[in-house]
Amino acid sequence: MSFVDYSQTAEDHQSLLVLVRHTGSHLPTNLFNLVWERIRALSVVHVQGQNRNVVVRYKRGYPVENNEWGAFQAHRKVLGLVSIGKCVDHEEFADLFENYKKVKEEYSNTIINSRLIIFGMNTDGSPLDPKPQQPPPSSASSPPSQHSPSHVSADSGHGASAETSCGDIDSESTRGGPDGDGNSREKNNESVEGDKTDSNPGPSRTGSDGGGSVTITRVGGDASSVSQNGGSGVGSGKKASSSEEKDVGGRPKSNSLTKESTGSEVVFYPSLEQCADLEERLKEFVTSLFFVLEGKRLERTFERSDRLMLLCAPFEKKDFIGVDTDTKSFKRKCMGRLRKHLGDLCLQASLPGEAILHYQTALDLLRTVNDFLWMGACYEGLCSASVVLTMSQSKATPPLRRNQSFSEKRGVSSPNTKHKANAAAHLRQQQSIGSYSNGVDHLEQQTSLHCLNPEDIIEKYKEAITNYSKYKNSAMVEMEASLKACRVLIQQRKYLQASDFLQNVVYINLSSSEEDKIQRYSTLSSLYGQIGFHRKEAFFRRVAAMQCVSPGSNPAWQQCYQLLLQAVQGYNIDLDPRDSVQGLNSGWPVIQHRVLHELVYSARRMGNPQLAVRHSTLLLHTMYRHLSAEEQKEAVTGLETLTSKCQGTPQPLSTDTGLILPPVHLTTLPTVRSFKVLSPPPHLRAVKLSSLEDSTSSIFIFTPLLLGSSDKKGNATDVDFKWVAEDMCEVQLQLVNPLSVEMRMLYLGLLTEGVGVEVFPSSPCIPPKSSPLTVKLMTKPQAPGQLKVLGYTSQVFGVASHCKLKDLTWDIPPFYDIEVVPALPQVSLTCSLPKAATFASTSLPDGATVVANAAALLYAGQSQDVVVTLHNISAHPVTHLAVKLETRNEAKESTDKMFQWSEENVQSQLPLQPGAQLCVALCLYAASDFLLPPVTSPDATSSSMSSRSHTENSEKGTQTVEAVLSLEYTGGPGQEAGYCRRCSLALTVDVLPSLYITNWDALPANSGHDVSLVLDILNVSSHQADVQCDNTSCDSSPPIIIETQQCRRIVVTLPRVTFPEQQESDKFESRIPVKYRSSRLPDFHSMVLTSFVDVRWTMPAAKVKGKVSIDYLKWTEDQLDFIRRPDVTWHVVVNKQHYTAPDLMSFPSSQPVTVDVSLSAAKESYQDVTLTVQPGQEGGGGEGQQPLDPAIYICLGSQTVSTSELEAGSSLHHSCSFLFLSPGRFHFHISCAAHHPDSMVQTSWSCLPVTQFSVV
Amino acid sequence: MSGNFYFVMVGHHDNPVFEMEFYPPNKAADPKRDDHRHLNQFIAHAALDLVDEQMWSTSNMFLKVVDKFNEWFVSAFVTAGRMRFLMLHDIKNEDGIKNFFTEVYETYIKFAMNPFYEINTQIKSAAFEKKVQFFGRKYLTG
């Protein structure tokens, strides 16, 4: 059984293998790793004086079986051992030392030198805290430091020329040589025994002794120029040997094992911080290894052919037992193999040019004896040497780990190398950009004549592999060679050929453990990755992952998961769904599904449900489009099963390897079709208080330039409304379920930023393949400020996601900015009236804010009290309330009359505390003109109706009046910020006709001071109406009963009225022809009369009562004369009798009737006053005032009297007699005409009542 | 267990456009086939790397065997429009596969000229399927 080293490269052939071991349990692993890193950094050691660089390869573990291949290929030999441990006292140290020795035993066949590095002790080997009972160690440990001067001189030996040292080593290598070749010596058993006993100290002792002593004597003078460190390794080797000697010599047991071992290969450091010379010690250690090898090399070079031994690979040993060693071919074989070994040594001694020569010679020797295995090794050696040669030219310094002394020596070398370094860097850059080329040939001229060119290297590798493949047992070597060849090809950028070698690796039949297979596939995968074959890389990663959990072995789910995770990239699966472009079907869906499924499964088996959920979410999120209904169901069920144990989070997850798994937000499950930020309902909207309308915005009224707003326009995230703090705010979403599985959302809330909010999540359930489902998301901002709506959070199938708008694929602003104004109170509005069925006038300015409506049905003239109640349902008091009535402008007067309330009453109830109520008493009055509806043509009706808010039901004569009672209120923090709210009550009043005044007239009453208004009242209601007219003159007359559709006349007597002067504007208005008026206007005169006339009606059946208003009656000028109180007073006496209407005086005929008239002006004086008494006879009609036929009467005296002036307060008297010639009923029409003194306008008055009498 | 073929046409985004399996008539119902289907697809996907690399090394559309994994060989054919035809087969049948590819290519060209077909999307055409089936019988299993 051999173990394949998958990380080997061609360059490793030139390296010295050093095993670095972690000994003891006291040294923490991380500390060991730190030391390991420091050691590893020292990969190239420059050997002073030799002008050679020794490459060292450190390994933390190396199977002993592989060590046995050391004879076959020298770089497989463990040459050095460095053990690192920690201890605090001598007992522990003893344990460590034992351990160290044991390890050394294991590799004793090949080890040349070794070191034990101990932390936790003083450099002299004493414990850190000097204990009282142990003073001797410190004193005993002084010798090492005293030794140092001699070592200084010792190291100079290595600094000396190769010639001298060569000679030295040569001289002693006769002894030391066999030690190195454990294999060859194994044939004779006794030497094996001896080898074991002294193999450890052997090489070091001999090497150092020889080198050290000789140089001291010879070239001690040079010592001063060389640093102490360089040679101390050998020095310590000497120490070791000396101590060993002493030990062997039965040195009395001192108080410390430490002390004696300090002399050996043990190095002490108090701590990691205090080991500055660690590198130096290592360097010296490596140098010591080099010199031993160099010694061997030289020894072999001059080996005589009679002392040949056969080197062989581990599996060959048994083949050569009993083989005749004296044949020519055997000798040739020995020689060839030795040559080949020599080549290896040359390579390790950094003489690749020489190595090539050796290899070629060996090849020629071996070819004749058909030693294919070793021929293969020769080919490989050739390749390695060539690679080393080529690479040393082309490879730039940067990739090498920087070593102080090394870079000092090499860095300043030739500008040529620098130039090449640049070229190489450029090439690498190109590679990283991703330009594929199928190979770059290095065009540098070969320094060595025998060095292979790049193509040949590959050819030789192929041959080597072909040769190896002839042996079943050399599969390990074959595989390593393939990998090495591949790595060389990667450097040459010949990817296609590299892939051929990788392909070959797959088919090498090597029985190996499961871990080994995993490692093989992983190596293949990473190499495929290096040649840019990412799909292959992914394939082999997955194969490796499957191998981890293959049946029959102990399943390593953790490893499987990690490998699969590395594979996803190659399958075009993006762990962050935001990176992948939606809609682009990239990759192989079936494979992606499979890999994700495996990822989920392995994560679950690994015992990390969190990761399983994350991957399962990704699976559903990215793959659902490609899944069948059945598979979708399966995926959803799988996810739900996982999330039932562990909920999916929207936070990034980190795996054990430190890889961060970005969160998977289910932005497409459900798919959001629309995302609309809703304005609050009108009655809850915050409105700027009109009084606080700011004028600070700009001094310019208008500018066509969009200054400052152009950048905002780009994302259009601002909304044209505001939200109110502590108020419910809404966003409307339209969700679609693209799956064929019902989607039960446990949580759907708004994702906001900027202001603290209280979220009111909803939990909709979307049926499969649904049409868009509208969902409203509520939120309540807690404070005023700028609120940013970023998206929504959801919980679907147990996975919580934060879906941001910017991650949604369709065109939508990345966020919405909403201003939240301070909290405002909120009131609810109720009205004592029943609700209206319809409300037509929503187009009114405040129509949108209507929160309640009310309807009333009133008979014309009826009144009703309505209570409007405001209930403060918020937590803030209402401190400001303004009540306003909104109607159409044209109907203003009548509606103002119809709706009345007391402003003081309202204001007195403020402030309205939270939870309290406020009542507004509203008085409704069904105003009407009480006139018969005008008879108009149908089309005229329709046109006029449309423009009037008084819409009339032409059949019934019902009028509908609509108005909006608008309330503006504010309080709390919102008021300070200058915001208020508006709500309104829609009122609909249907006015039913009750009574109509069909005809009216004014008649002179009995007394000249009064006038009688005669009204014909028609009852158009469906009930009997009792009409009562009360006026100042007669208090309680019995009510007049008017049946339905009955017309009754009522007479209202009232004192004659002096009308106030009419306004010019009113006059003008009244002059507009009726047909152009939008509504009937109340008559000026009637409005004055109204205060004197109080006609009330009651409908006992309907239990309603009301008032008849005469505002709209029109009076003729004659009628007005009756009504108007005259400016003059009359005093008429007939035949010495005072006339009082309606008495009828009777006079005998043929007796004169004497009339005494006295006219007195009350306030003003008049000019040209003419008083006329004109008798008249009562005709058929009562009113007729035809002048009497002069033949009927004889006037005694003057019928007319004139005076030029009538002073105010004075009176005019006139007396005349009439003789009536025939009996009959007569009357006197007494009138007076006069001129107003200022305006010269003629006015006239008649005496009322007209004096009537009969003549018999 | 021989004479099985798995044919797939791969679009520009490594997405399969058309898949079909051919097997000898006597092995019509193999219960293990379902497991294999996944493996076939994985192998075909991994072979795309080699197809992409090898198509530049030759002027031929038919790339012969580009890859192999276990018992499967992968032959490839790259159209002028860089559609990649892959064939997984467990027996060597170079001529048959070449002919098959050529015929399918021709059929595909005709199909792609349909203005209602969008390149790189899955081919869902009974006629196309039938033709490919026919070529499969003619050149591969037949």
Side-chain angles (χ1 to χ4, degrees), chain A residues 434-439 489 493-500 502-507 509 521 524-525 527-543 545-546 564 567 569-573 580-581 583-595 597-598 625-626, chain B residues 6-21 33-59 63-74 76 82-86 88 117-124:
Chain A
S435 72
Y436 280 81
S437 68
N438 234 335
L489 279 164
R493 301 168 59 75
K494 292 177 178 167
Y495 299 136
L496 204 52
Q497 275 173 287
S499 77
D500 286 340
L502 289 178
Q503 185 78 57
N504 185 45
V505 172
V506 182
Y507 289 99
N509 185 19
Y521 290 130
L524 274 174
S525 164
L527 283 174
Y528 269 122
Q530 284 179 45
I531 62 175
F533 284 17
H534 296 296
R535 287 162 281 206
K536 276 272 184 209
E537 180 190 7
F539 179 81
F540 280 105
R541 279 257 190 258
R542 186 178 158 275
V543 170
M546 293 298 111
L564 276 174
Q569 202 70 42
Y571 289 113
N572 266 337
I573 302 169
S580 63
V581 185
L584 188 80
N585 47 353
S586 84
W588 202 304
V590 180
I591 293 179
Q592 290 175 339
H593 180 212
R594 178 91 176 193
V595 169
H597 190 79
E598 283 164 353
R625 288 183 200 83
H626 306 289
Chain B
Y6 165 70
F7 169 65
V8 62
M9 291 164 63
V10 184
H12 297 164
H13 310 294
D14 288 5
N15 53 320
V17 168
F18 183 81
E19 289 176 273
M20 187 166 273
E21 277 171 274
R33 183 157 287 126
D34 220 35
D35 277 358
H36 277 293
R37 189 168 291 140
H38 272 305
L39 190 60
N40 290 347
Q41 287 170 335
F42 273 108
I43 295 168
H45 181 258
L48 288 175
D49 268 327
L50 286 152
V51 177
D52 284 350
E53 206 59 51
Q54 290 199 1
M55 64 188 200
W56 304 111
S57 60
T58 171
S59 59
L63 303 180
K64 299 181 182 165
V65 175
V66 292
D67 194 15
K68 55 183 191 290
F69 186 80
N70 293 350
E71 77 274 16
W72 291 103
F73 298 98
V74 185
R82 216 184 71 87
M83 294 299 287
R84 289 158 293 181
F85 295 2
L86 297 181
L88 262 72
Y117 173 69
E118 200 181 318
I119 302 296
N120 273 332
T121 56
Q122 207 150 6
I123 296 175
K124 293 170 188 162

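Letters A, B, ... are given to chains in the order of the sequence lines, protein chains preceding strands, and every chain is numbered from 1.
Proximity to chain A (any heavy atom under 4.5 Å) is restricted, for B/V8, to the side chain, taken from C-beta onward. There is no contact between A/Y528 and chain B, counting heavy-atom distances below 4.5 Å.
Taken from CD in A/E598 to NE2 in B/H38, the straight-line distance is 8.5 Å, to the nearest 0.5 Å. Going from atom CG of B/L39 over to atom CE of A/M546 covers 11.5 Å, rounded to the nearest 0.5 Å. With values rounded to the nearest 0.5 angstrom, A/H534 atom NE2 is found 13.5 Å from B/L48 atom CG. To the nearest 0.5 Å, atoms CH2 (A/W588) and CD (B/Q41) are separated by 6.0 Å.
Contact detail for B/D49 and A/K536: the closest heavy-atom pair is OD2-N, 2.6 Å. Residues B/H45 and A/I591 share a closest heavy-atom pair of CB-CD1, 3.5 Å. Considering all non-hydrogen atoms of both residues, A/G587 and B/P16 come closest at O-CD, 4.0 Å. The two residues B/Q54 and A/L496 make their nearest non-hydrogen contact at CG-CD1, 3.7 Å.
Not a single donor-acceptor pair under 3.5 Å links the side chain of A/Q503 to the backbone N or O of B/D67.
The shortest side-chain heavy-atom distance between B/D52 and A/R535 falls under the 4.5 Å cut-off.
Below 30°, between 30° and 60°, or above 60°: for B/F42 and A/F539 the angle between ring planes is between 30° and 60°, a tilted geometry.
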